[in-house]
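The structure under discussion appears below in the form of structure tokens.
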Protein chains: 2
Amino acid sequence: MTTRERPTLEAVARRAGVSRATVSRVVNGSTTVAATIREAVNRAVDELGYVPNQAARSLVTQRTDSVALILPETANRVFSDDLFFPAIIRGVGMELEAADKQLVLMMTGSEAGHHRVERYAVAGHVDGVVFASIHGADPLPGTLARRGIPVICSGRPMTAEPPVPYVDVDHAGGVAAAVRHLIATGRRRIATIAGPQDMVAGIERLAGYTATLRAAGLPELVVTGDFTRESGITGMRALLARDPSLDAVFVASDLMAHGALMALREAGREVPADVAVIGFDDFEISRYSDPPLTTVRQPIGEMGRTLARQMLLLITGDEIPESVVLPTELIVRDSA
Amino acid sequence: MTTRERPTLEAVARRAGVSRATVSRVVNGSTTVAATIREAVNRAVDELGYVPNQAARSLVTQRTDSVALILPETANRVFSDDLFFPAIIRGVGMELEAADKQLVLMMTGSEAGHHRVERYAVAGHVDGVVFASIHGADPLPGTLARRGIPVICSGRPMTAEPPVPYVDVDHAGGVAAAVRHLIATGRRRIATIAGPQDMVAGIERLAGYTATLRAAGLPELVVTGDFTRESGITGMRALLARDPSLDAVFVASDLMAHGALMALREAGREVPADVAVIGFDDFEISRYSDPPLTTVRQPIGEMGRTLARQMLLLITGDEIPESVVLPTELIVRDSA
DNA sequence: TTGTAAGCGTTATCAC
DNA sequence: GTGATAACGCTTACAA
């Protein structure tokens with residue numbers, strides 16, 4: 001159980017009959033090494049099972065080849081029943097893996113968590129920090145950026161000082177497409193269950209709803225949820241109480257949309273005959289709801305991959321645009 | 001964007017007018033430092049914004065204070081629509097966080113992925129490795145353990161050489177409770193949709209089904225799925241074709257159970273009147289299926305926390321039992 | 001092309 | 001109690 005003695009560069013060098021520097025060159029793929037020597041070194045490496053000590057390497061190179069992904073643990077969305085964060089993790093992870101970088105996952109939320117992340121990043125444990133979601137006006141991204149640490153956010157940060165690059169999806173465009181679809185299919189009393197108003201995703205989806213409805217001269221009807229199924233249920237009940245004659249509802253997340261579907265059934269309304277429902281996310285599960293959910297697809301995996309790609313550019317010192325916005329798409333199924 | 005010059009121990013020492021050794025003592029909470037000096041050092045630390053360099057520290061302490069969690073990326077369960085891995089991640093993450101350790105997430109699957117994990121661990125980048133799931137007779141846990149690296153597995157490994165400690169749930173017990181519940185409520189033609197037979201979870205749940213049914217002298221009817229909803233749909237269709245008179249089905253995962261529910265509705269069978277259905281997992285979503293799903297709850301979050309706890313013990317050199325088995329519990333809702 | 005040697009920023013072992 | 005000083009294992013000028 002005790003850590004077995006591990007061979008060092010020195011040991012490999014002795015065995016191969018060369019200097020440490022030469023071994024280092026071979027291990028790091030330098031081309032300026034004679035073929036015969038390279039072979040001898042590689043043989044010694046294999047025989048000894050040598051693997052470079054990462055700490056020693058980092059100490060001199062100032063790089064760790066790993067990237068932190070920060071999840072706001074407080075968010076209801078995290079791991080409850082929501083596949084947003086898992087999909088982000090997967091996307092970021094795959095792209096980093098392709099670049100041979102490691103993913104360090106950190107959850108924050110508490111004040112203490114914030115400090116841990118800051119210390120961790122400043123201690124040089126990672127080459128950069130990716131924020132999977134920003135709550136309110138979180139100062140952490142800015143703090144780290146000011147410290148000279150590469151930072152990128154998923155979703156436009158609500159703080160501007162200093163500006164931190166971000167990747168986001170076209171919330172407003174997707175919502176507009178959804179609401180226009182409802183209008184085009186004859187709906188006139190279109191309500192919405194909005195997302196939390198301390199997150200850009202919640203804010204922008206509501207803004208898209210409001211703008212499109214105003215442009216069409218139709219009345220607005222808004223309740224707010226927190227992206228959970230439970231809040232979709234209560235939100236839908238509230239809407240029905242406020243306006244029993246509503247004939248459509250745009251729901252700012254698929255999970256809330258499923259809640260809305262349940263509340264509508266409970267109230268004896270047919271979907272889509274009496275009330276049309278459109279969600280936002282396009283999770284796998286929405287293909288299987290009853291009825292299958294019409295929804296705005298956002299490319300979450302692609303978002304994760306893009307986040308990672310931008311981070312890699314940042315690390316290598318390349319310039320990147322302050323924002324990348326990915327398209328959304330209306331997926332029409334049976335609920336609207 | 002360039003990394004700002006970071007203060008070192010040396011700088012703090014100069015500012016506080018003491019030696020590096022003393023600063024190190026203060027930073028590491030040694031008690032053998034005079035109060036006045038400690039204060040002076042702490043002031044200097046704050047003023048300079050000093051944070052210890054992790055690489056330098058690891059180099060000498062041989063510890064990294066981080067732990068790797070390995071996900072088998074090939075598994076259909078990972079991030080598809082399944083909340084098993086997210087729940088494990090969350091459990092492990094929270095417990096490690098409480099111990100001030102970091103979680104490094106790695107996905108494997110490909111041959112290359114295996115090598116990456118091995119190199120990474122051997123390079124001393126982490127203090128230990130937690131496997132979130134084992135596929136078939138994966139040699140990696142044993143390989144790492146032989147290298148002297150602390151290893152623990154979620155689910156009993158199918159290889160025994162060398163024995164690697166694990167945490168698992170009582171699959172057989174949970175399944176037995178489920179099947180006995182079906183028998184007690186008058187079901188006699190009880191089928192099963194089993195999980196993949198290259199994973200211990202799949203194997204043991206099937207074994208539990210078989211054993212209980214044999215003990216009761218009832219016939220067996222088995223098809224195999226891969227834990228996905230889609231395989232639950234096709235599995236249920238196959239069962240119905242094989243024995244149209246079946247009156248119950250135990251399904252080895254909630255996701256497959258939802259698929260089964262859909263296939264049953266499609267076939268015009270009422271649940272539970274015509275066919276009783278019991279799942280395994282107790283995901284949040286199963287409370288909301290139609291009808292709400294009777295299922296065997298396995299404490300996934302607790303499993304993640306236990307994995308982390310055992311790993312922490314391993315790292316500190318404590319003895320741990322070769323296995324910890326957590327209880328499962330039958331949750332009766334409306335589907336059976 | 002290869003070797004020598006100087007760090008990288010800590011911690012830990014000694015004396016004092 | 002505090003301070004020198006020697007590791008820790010590697011990369012990288014600079015020499016040869």
Side-chain angles (χ1 to χ4, degrees), chain A residues 3-42 44-45 48-66 119-127, chain B residues 3-42 44-45 48-66 119-127:
Chain A
T3 304
R4 172 189 302 203
E5 199 76 9
R6 281 209 292 264
T8 68
L9 250 202
E10 179 72 44
V12 177
R14 264 202 311 274
R15 179 159 195 129
V18 299
S19 72
R20 296 207 311 266
T22 300
V23 177
S24 175
R25 291 190 188 101
V26 172
V27 168
N28 290 290
S30 163
T31 51
T32 70
V33 178
T36 56
I37 292 204
R38 181 167 34 234
E39 268 173 43
V41 169
N42 279 328
V45 165
L48 265 36
Y50 169 75
V51 175
N53 177 308
Q54 183 59 42
R57 183 177 267 179
S58 290
L59 185 56
V60 39
T61 61
Q62 307 275 38
R63 287 180 304 95
T64 64
D65 292 330
S66 57
R119 279 186 60 89
Y120 193 75
V122 172
H125 222 317
V126 289
D127 296 340
Chain B
T3 304
R4 172 189 302 202
E5 199 76 12
R6 281 209 292 265
T8 68
L9 253 201
E10 178 72 43
V12 177
R14 265 202 310 273
R15 179 154 194 135
V18 297
S19 71
R20 295 206 311 265
T22 299
V23 177
S24 177
R25 289 190 191 101
V26 173
V27 168
N28 290 289
S30 164
T31 50
T32 71
V33 178
T36 56
I37 292 205
R38 179 165 40 234
E39 266 172 44
V41 169
N42 280 329
V45 165
L48 264 38
Y50 169 75
V51 175
N53 177 310
Q54 184 58 42
R57 180 177 270 178
S58 291
L59 186 55
V60 40
T61 60
Q62 308 274 40
R63 287 180 304 94
T64 63
D65 292 329
S66 57
R119 279 185 60 88
Y120 193 75
V122 172
H125 220 317
V126 289
D127 296 340

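Lettering of chains follows the sequences in order, A, B, ..., and the numbering in each one begins at 1. From a predicted model like this one, the values you see are computed outputs, not experimental measurements.
Contact detail for A:A16 and A:A44: the closest heavy-atom pair is CB-CB, 4.0 Å. Looking at every heavy atom in both residues, A:Y50 comes nearest to A:V27 through CE2-CG2, 4.0 Å. Contact detail for A:R57 and A:P52: the closest heavy-atom pair is NH2-CG, 3.4 Å. Pairing each heavy atom of A:Q54 with each of A:R63, the nearest pair is NE2-O, 4.2 Å.
At the phosphate of D:dC8, neither OP1 nor OP2 sits under 4.0 Å from any side-chain N or O atom of A:N53.
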Can you tabulate the close N/O pairs, meaning under 3.5 Å, that link protein atoms to atoms of nucleotides 2-5 of chain D?
unit_1	atom_1	unit_2	atom_2	d
D:dT2	OP2	B:A34	N	2.6
D:dG3	OP2	B:S19	N	3.1
D:dG3	OP2	B:S19	OG	3.2
D:dG3	OP2	B:T22	OG1	2.5
D:dG3	N7	B:R25	NH1	3.4
D:dG3	N7	B:R25	NH2	3.2
D:dG3	O6	B:R25	NH2	2.6

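Residues from residues 56-64 of chain A that place a heavy atom under 4.0 Å from any atom of DNA chain C, listed by number: A:L59, A:V60.
When each of B:V41, B:V26, B:V18 is paired with B:V33, the side-chain contact (heavy atoms from CB on, under 4.5 Å) condition holds for B:V26 and for no other.
Shown here are the side-chain contact (heavy atoms from CB on, under 4.5 Å) partners of B:S66, two or more places apart in sequence or in another chain: B:T64, B:Q102, B:V104, B:V126.
Proximity of a side-chain donor or acceptor of B:R6 to a complementary backbone N or O of B:V51 within less than 3.5 Å is not detected. Without hydrogens or angle criteria, A:S24 side chain to A:R20 main chain gives no donor-acceptor distance under 3.5 Å.
Taking atom CZ of A:R14 as the reference point, atom P of C:dT4 lies 14 Å away to the nearest angstrom. Remark: P of C:dA5 and CD of A:E10 are 13 Å apart, rounded to the nearest angstrom. Taking atom CD on B:Q54 and atom P on C:dC8, their separation rounds to 19 Å, with Å as the unit.
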